[in-house]
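The next block holds one structure in the form of structure tokens; read it before the comments.
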Amino acid sequence: MTKPVIIFDLDGTLVDTAPDLMASLNHTIAARDLEPVTYDDLTHLVGQGARMMIERAFRLRGQSVSDEEMPDLMNRFIAHYGANMPGDSKPYPGLVQALDRLKAADFTLAVCTNKLEGLARTLLDGLGLTHYFAAITGGDTFTMRKPDAGHILGTLERAGAAGAPALMVGDSVNDILAAKNAGIPSIAVPFGYSDEDIHTLGATLVISHFDELTVPLAERLLA
Ligand SMILES: O=C(O)COP(=O)(O)O
Ligand SMILES: [Mg+2]
């Protein structure tokens with residue numbers, strides 16, 4: 001039988017990336033003299049990748065970005081973020097132990113993030129986490145991204161696990177919707193960057209700490 005797969009979101013789920021995302025975003029928008037965003041703003045800005053984050057930050061400040069300006073701003077963000085990784089970004093408490101026990105129980109693990117794939121890989125490399133994952137896909141890996149089911153299905157395929165039973169773990173509406181669209185169960189975590197109460201997202205289960213993500217729990221949700 002194909003091994004079951006646990007698919008993780010990255011920003012706000014595996015890793016607390018907020019301080020570095022904020023620093024790089026503020027560096028980016030400073031090019032247009034916009035006031036820095038705060039941590040509270042960030043939950044409304046992340047979720048749909050860097051480009052959308054920049055656009056939303058401009059909107060927050062009552063400004064807009066033209067299509068002509070966007071490539072320079074994206075390059076500014078990517079250069080700053082890429083050069084400072086992993087910076088202050090840290091895996092959430094209990095994550096590494098959870099990955100270890102799931103891997104030992106023969107689950108296939110994968111990452112499905114709306115972050116640019118290259119940045120996701122550099123970050124996971126920098127934190128020494130890459131080796132856990134059979135696939136790492138980003139918002140620019142396919143022609144669609146979360147909440148589109150295709151992002152999850154494409155991730156499973158890259159993990160060599162097309163059609164395998166799978167479970168999605170995420171912090172935001174896009175993760176839970178993508179899971180629903182792909183017809184798989186989901187776990188929501190409350191320590192990330194959701195701008196909605198995660199209990200209202202319709203996840204199969206909400207956990208508050210990775211210590212709760214045990215092998216029996218994963219097996220139960222996948223049954
Ligand atoms: O960087 C983003 O906008 C979202 O990233 P995530 O899908 O890993 O939460
Ligand atoms: Mg997230």
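These numbers were taken from a predicted model, which means no experiment stands behind them. One-based numbering, in listed order, for ligands and for the atoms of each.
Nearest non-hydrogen protein atom to atom 6 (P) of ligand 1 is Asp9 OD1, 2.8 Å. In terms of protein heavy atoms, atom 1 (O) of ligand 1 is closest to Asp11 OD2, 2.7 Å. Of the protein's non-hydrogen atoms, the one nearest atom 8 (O) of ligand 1 is Thr113 OG1, 2.5 Å.
Asp41 and Thr38 form a side-chain donor-acceptor contact under 3.5 Å, judged by distance and modelled atom types alone. Side chains of Thr130 and Asp125: a donor on one and an acceptor on the other come within 3.5 Å. A donor-acceptor contact under 3.5 angstrom links the side chains of Thr155 and Thr137, judged on distance only. No side-chain N or O of Tyr92 forms a donor-acceptor pair with one of Asp171 less than 3.5 Å apart.
Residue Asp171 approaches the Mg ion (ligand 2) most closely through its N/O/S atom OD1.
Some N or O of Gly49 is nearer than 3.5 Å to an N or O of ligand 1, by distance alone. No N or O atom of Cys112 sits closer than 3.5 Å to an N or O atom of ligand 1. The N/O atoms of Asp175, backbone and side chain alike, include none that comes under 3.5 Å of an N/O atom in ligand 1.
The shortest separation from a heavy atom of Gly47 to ligand 1 is under 4.0 Å, placing the residue in contact.
Within a 6.0 Å radius of CZ in Arg76, more than 12 heavy atoms belonging to other residues, nucleotides or ligands are found.
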Check: Yes or no on salt bridge (Lys or Arg N to Asp or Glu O under 4.0 Å) for Lys146 and Asp9, after CA distance, side-chain angles and deciding distance?
Finding: CA-CA 10 Å; Lys146 296 179 293 180; Asp9 167 62; 2.7 Å; yes

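With ligand atoms numbered from 1 in the order given, ligand 1 contributes 8 (O) to contacts under 4.0 Å with heavy atoms of Leu10. Ligand-side atoms of ligand 1 in range of Gln48: 3 (O), range being under 4.0 angstrom from any heavy atom.
When O of Asp11 and OD2 of Asp9 are joined through the Mg ion (ligand 2), the resulting angle is 80° to the nearest 10°.
With a 4.0 Å heavy-atom cut-off, ligand 1 is reached by the side chain of Lys146 but not by its N, CA, C or O.
Asp16 has no carboxylate O lying under 4.0 Å from a charged side-chain N of Lys90, or vice versa, which leaves the two without a salt bridge.
Ring centroids of Tyr132 and Phe8 are separated by 6.0 Å or more, keeping the two rings apart.
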